[in-house]
Amino acid sequence: MSGIRITNLRKTFGNYTALRGIDLQVPNGTLLALLGPSGCGKSTTLQLLAGFEAPTEGEIWADDVLLSSPRGVLPPEKRGISLVFQNYAVWPHKTVAENVAFGLTIRRLPKAELTERLDRALRTVRLESLRDRYPSELSGGQQQRVALARALVVEPAILLLDEPLSNLDAHLREEMRFEIRQVHDLLGITTVYVTHDQSEALVTADRVAVMKSGAVQQFGSPEDVFERPSNAFVAGFIGSNNELVGTSEGAGAIRVGDTVLTAPDRSAAARGNPVSLCVRPSKVRLGEAGGLPCNSLPGTVIRSAYLGEHRDVLVDVGVGRTIRAFVPPELRYGPGAETTVHLPIDACQILAPAV
Amino acid sequence: MGVISTSSRGAEARPVMARVPVVKTAILGAVVLLLAMLVVQPFGWVVFNSFHDDATGAWTLNNYARVVQSADLIEPLVNSLLLATATAVIAVGIGVPLAWLVSRTDMPFRRSIRVLTLTAFVTPSFIGATGWILLAAPNSGWLNVLWRSLAGADGGTPLNIYSMAGAVFVCGIYTVPYSFTMVSSALDEMAVELEDAATTLGCGVLRTMLSITIPLAAPAVIASFILSFIQGLTLFGVPAFLLTPTGIPVVTTKLAEFYQLFPPEIYLAAAYCMPLLLVTGGLFWMRRRYLGRKQYVTISGKTRAGRQIRLGGWRWPALLFALLMPMTAVFLPYAALLLVSLTRAWGQGLSWENLSLYWYWWAIFGNSETHTAIVNSLVYSTLAATLCVALGTLVAYIVERRLMTGASLLGAVATVPIVIPGIVLSVGFFAAYTRAPFNLYGTPLLLIAAFAATFLPIAYSHGGSILKGIGPELERAARSLGAGEARTFLSITIPLMGGGLVSGWFLVFIPIIRELSVAVFLITPKTNVMTTLIYNAKDGGNYEAVCAMSVLLLLITLLLVAIARPLAGLTGARRTSRKTAEAAGVPS
């Protein structure tokens, strides 16, 4: 196993810049999630890590081995990095056992050891009974486990997972999240997990790198990125969020339209620069502030939806801005109702826009 | 677990960089070299020669001046264009309705029609022309004889195969299989949902056909028109048999004439190839442009549920129409060939005493020349098809996976022979390889190389279309598990191509074994193949032998196809469902 060090990694395809120079340090045995919308550069990062693309600039190290630089790339087969693909890429012309054993055959293991490791791998992913099936006779979840076993059986130094759950149905996806985390806890392999699903990232990862437009927006623990987002994009991408775009009125104050609101300032923006006030819908209160210091705005309810555990209310607070609030279901607001929106100051953050 | 078992790590010093992959570089080098030898060099010689004077060998533009100025060189060009246009009109006019009837309606005997189309496809058109000479030569042609016996001795001779109309007819019916196959596979692959969507919007059967089915198949129709046109332009055997006797020249027969002159005007011939290349190249470019813009050509959905259009009372008239091609391209000519081949001496007429298998015995055992030609045909075609598919597949792989800079240039080079008429390529191979340092004249290698080069575009495009269905992830997975590029290609890519490769091999093998024009200048008595032997024997007037050998050639080819079909299916059967490959093939 090895840690990964990525320094100033840039990748361009013609005129298109896929990565704008990213730096990441992944300690040995860590599970890192690369999280971001499509086109953010997370898959490119993975292809570079696997050795299928050469960087335009920057370096990738595994411990003290230089894997990639613009001067050369260690070919994928020499890296000791296993990759699990979004579409599983289970070979349709090989049985489950042949698929899983492929990497061991390449390594010319003695027969006894090969059989032993193959059996153990199949047991780990609970596929012993299906070993002679062809992939076309397996469900999506089973194919997923074949791909995982095939990647793990060679005992890679690093495991890469490219949106491994995105082709599974919602129920199975939830189950497999925990399974992947479990396998990681069991084997402790340094893992990079690419996903666009925030809850997948939060559940599985030790560290999360939130990416957008080829740059890392925030690199931290799951708690960090959820509770202390570094900018408005991260706040919006992870969890539900309200964002009021305005300009800085100096530290701790933001002007939104004619109103000045106050909040803890994590933007470091100078007066007059664009900033956003972010607050989670679950923290927003309607009608009564409940004794908390709040930014309060008058508003009109536009829409109210009953979701069982809470009520999702959309309030127009003037000049085309709206605030979403998750309020207790017993509070009934019909469209058109006048109310006051309270944004508890401690729950608000003034953040800079995305990098 | 926990111990790292990958061989490379630790062994590599820091910083580790890629070594030059020896095997990969060697293979890429070999592919580039082979392409240069098979396509660039012969073609280059044709261009080079066209700028030289036949008498003095000096640089000149005179050859081109003669081509555009002299009337007896312009006339064949006009004739060729006429023949090509008429061929394409017939091929599309019969092939497209036929394709629709077979893949979309409940016409009876649809499967048989498909099989008969294949039979027409494996028939060399010059053998078809021979059959039609027996049937429709003025005076002696059997159909003319039949007409006279019905209409009286003064009924005249309504049919004359030795005419432009005759040549158009024969070229046309033997080109129908091309348009039929292209359009019917487009119709077969068309997702049924596309038509269902129209039906659910209240569209009737006829309206759906007119506004959805036909426009979607239009690219295939246009492509088949252009390919039929190129076919009509580049055919050599049919005009040589049907037009040369009446003195109607076309470009291909004129080219052959330059070679048979004394002294031969080889450099003028080279310049005379250029107008042909200009037309074929231009058409092919147009086709690429057109197809490039209409990406929906191969929209494929799930396998068709086989919703058929009911023809009702039209079923039998439709069948009559569908039988037009098999009747004229298969039944009639082969009946004539078979009858003649079974007579000891055709001139003595049909009688029991005259019936014999003598000529078959003669062809297989009695005559060393034919015996050699049969063996040569099989051996050369097998080797050439194998070389062709191997090279075509490798080029397709290099292009699809962008394994080197300039990969698409390789693909373009592999496609070039499609616009080069066989006879021109033959001229190029003659120029390139019958001199030092190669001196290949009279060797099997020369023929094998020329055959492989001629059909390289088929192998390349076929290989490319199979590879498009195999997602790069399937290969990358193997790479990340420690398999090198060569190993990945052999243990993942090739098995996945499987049955497709076998069918690709036959797609190349069949045209090679029936190819005439490429071989005609390159053979020597020792390297004669069946087609050239038949061609030359026909010149000698030995019709019984010609017919027996023609029937044998068809039987051998059909036998091999019959063996191949289940074989191609068998290799594909292991990947039980193609859905998996397709699902895995979608790039993220």
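For clarity, every value in this text was computed on a predicted model and none was experimentally measured. Residue numbers begin at 1 in each chain, while the letters A, B, ... track the order of the sequences.
In this structure, A:H93 contributes its side chain and B:M497 its backbone to no donor-acceptor pair below 3.5 Å.
Taking every heavy atom of both residues into account, B:L496 and A:P92 meet most closely at CD2-CG, 3.4 Å. A pairwise comparison of heavy atoms in A:R107 and B:L481 identifies NH1-O, 2.6 Å as the closest pair. Taking each heavy atom of A:W91 and B:L474 in turn, the nearest pair found is NE1-O, 2.5 Å. When all heavy atoms are compared, the tightest approach of B:G482 to A:I106 is O-CG2, 3.3 Å. When every heavy atom of B:G484 is checked against every heavy atom of A:E77, the shortest pair comes out as CA-OE2, 3.4 Å.
Between the CZ atom of B:R479 and the CG atom of A:L83 there is a distance of 12.0 Å, given to the nearest 0.5 Å. To the nearest 0.5 Å, the span separating OG on B:S491 from CD on A:E98 amounts to 11.5 Å.
Taking 4.5 Å as the heavy-atom cut-off, none of the residues of residues 395-410 of chain B approach chain A.
For A:D23, the side-chain hydrogen bond (donor to acceptor under 3.5 Å, both in side chains) test picks out no residue, with sequence neighbours left out. Under the side-chain hydrogen bond (donor to acceptor under 3.5 Å, both in side chains) criterion, A:E128 pairs with no residue at all, not counting sequence neighbours.
Sequence neighbours left out, the pairs with a member in residues 26-48 of chain A that pass salt bridge (charged side-chain N to carboxylate O under 4.0 Å, His left out) are A:K42-A:E163.
Proximity to chain B (any heavy atom under 4.5 Å) is restricted, for A:F102, to the side chain, taken from C-beta onward.
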Verdict with supporting geometry, A:Q47 and B:R476, side chain to side chain contact (heavy atoms under 4.5 Å, CB included): CA-CA 10 Å; A:Q47 296 298 322; B:R476 291 187 162 189; 2.4 Å; yes

A:I81 and B:S480: CA distance, side-chain angles, deciding distance, side chain to side chain contact (heavy atoms under 4.5 Å, CB included) verdict: CA-CA 6 Å; A:I81 296 182; B:S480 81; over 6 Å; no

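Contact count against chain B (heavy-atom pairs under 4.5 Å) is highest for A:P76 among A:G103, A:S166, A:P76, A:A151.
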